[in-house]
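All heavy atoms count here, side chains included; hydrogens, waters and symmetry mates do not. Predicted, not measured: the structure shown is a model, and the values here were computed from it. Throughout, numbering of the chain's residues begins at 1 and tracks the sequence.
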Amino acid sequence: MIEMRGTIAAGAFHMSKPSDLIPEFQGRFPIRVELDSLGKDDFVRILTEPHGALTRQYEAMLAAEGVTLSFTPEAIERIADMACEVNDRTENIGARRLHTIMEKMLEELLFSAPEAGGQAVVIQRGYVDDKLSDIVRDVDLSRYIL
């Protein structure tokens, strides 16, 4: 994220022309602006700090089905690692990568949640590796699935 003259820019603008940006951004940047890619620490912060963080959203969604979901710090770090790795090897879509990774990692749990009511599920590093390692390793799958 970069701050310029009071404007914050974040996202996948690396191939954008000024005319491609929403009107609120047009004219606020110099002709050419370079944004740094998000790193692992950025992804960890995105997953943990905001009030509406993806981890909290999934916890709330599963709580509606009676499932208590939580993430260990090691699992969050592994998710961040994988997001960085996939962004580095395929198209860098920034923080949007976290959404696709979380969705793929939790799809079985989300599908079975109505039958799993009353359970507590703790997402640990091993679970993240089990659900995502093969996809992250395979560049072709990463490109189309994540």
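Checked against side chain to side chain contact (heavy atoms under 4.5 Å, CB included), Glu85 has the following partners two or more places apart in sequence or in another chain: Arg89, Val136. With sequence neighbours left out, Asp134 forms a side chain to side chain donor-acceptor pair (under 3.5 Å) with Arg137. The side chain to side chain contact (heavy atoms under 4.5 Å, CB included) test applied to Ala53 returns Pro50, Thr55, Arg56, not counting sequence neighbours.
Between the SG atom in Cys84 and the CG atom in Asn92 there is a gap of 9.0 Å [rounded to 0.5 Å]. Distance check: Ser37 OG to Asp88 CG gives 7.0 Å after rounding to the nearest 0.5 Å.
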Inset, instruction - Using the side-chain contact (heavy atoms from CB on, under 4.5 Å) rule, take Thr100 and Met102 through it: C-alpha gap first, then chi angles, then the decisive distance, then the call. - result: CA-CA 6 Å; Thr100 57; Met102 294 286 287; over 6 Å; no
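Under the 3.5 Å distance criterion, the side-chain polar atoms of Asp138 are left unmatched by any main-chain donor or acceptor of Ile135.
Placement of Met61 and Leu98 within a single hydrophobic cluster is found when ILVMFWY residues are connected by side-chain heavy-atom separations under 4.5 Å, directly or transitively.
Taking 4.5 Å as the limit, some side-chain heavy atom of Ile101 sits within range of a side-chain heavy atom of Arg97. Asn87 has its side chain out of reach of Leu38: every pair of non-hydrogen atoms, C-beta onward, lies at least 4.5 Å apart.
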With a cut-off of 3.5 Å and sequence neighbours excluded, list every side-chain donor-acceptor pair involving residues 106-115.
{"residue": "Glu107", "atom": "OE2", "partner": "Lys104", "partner atom": "NZ", "Å": "2.8"}
{"residue": "Glu108", "atom": "OE1", "partner": "Lys131", "partner atom": "NZ", "Å": "3.0"}
{"residue": "Glu108", "atom": "OE2", "partner": "Lys131", "partner atom": "NZ", "Å": "3.4"}
{"residue": "Ser112", "atom": "OG", "partner": "Glu108", "partner atom": "O", "Å": "3.1"}
{"residue": "Ser112", "atom": "OG", "partner": "Leu109", "partner atom": "O", "Å": "3.4"}

Can you give the donor-acceptor pairs under 3.5 Å from side chains of residues 64-83 to other protein atoms, not counting sequence neighbours?
{"residue": "Thr72", "atom": "OG1", "partner": "Ala75", "partner atom": "N", "Å": "3.1"}
{"residue": "Thr72", "atom": "OG1", "partner": "Ile123", "partner atom": "O", "Å": "3.4"}
{"residue": "Glu77", "atom": "OE1", "partner": "Lys40", "partner atom": "NZ", "Å": "3.3"}
{"residue": "Arg78", "atom": "NE", "partner": "Asp129", "partner atom": "OD1", "Å": "2.5"}
{"residue": "Arg78", "atom": "NH2", "partner": "Asp129", "partner atom": "OD1", "Å": "3.2"}

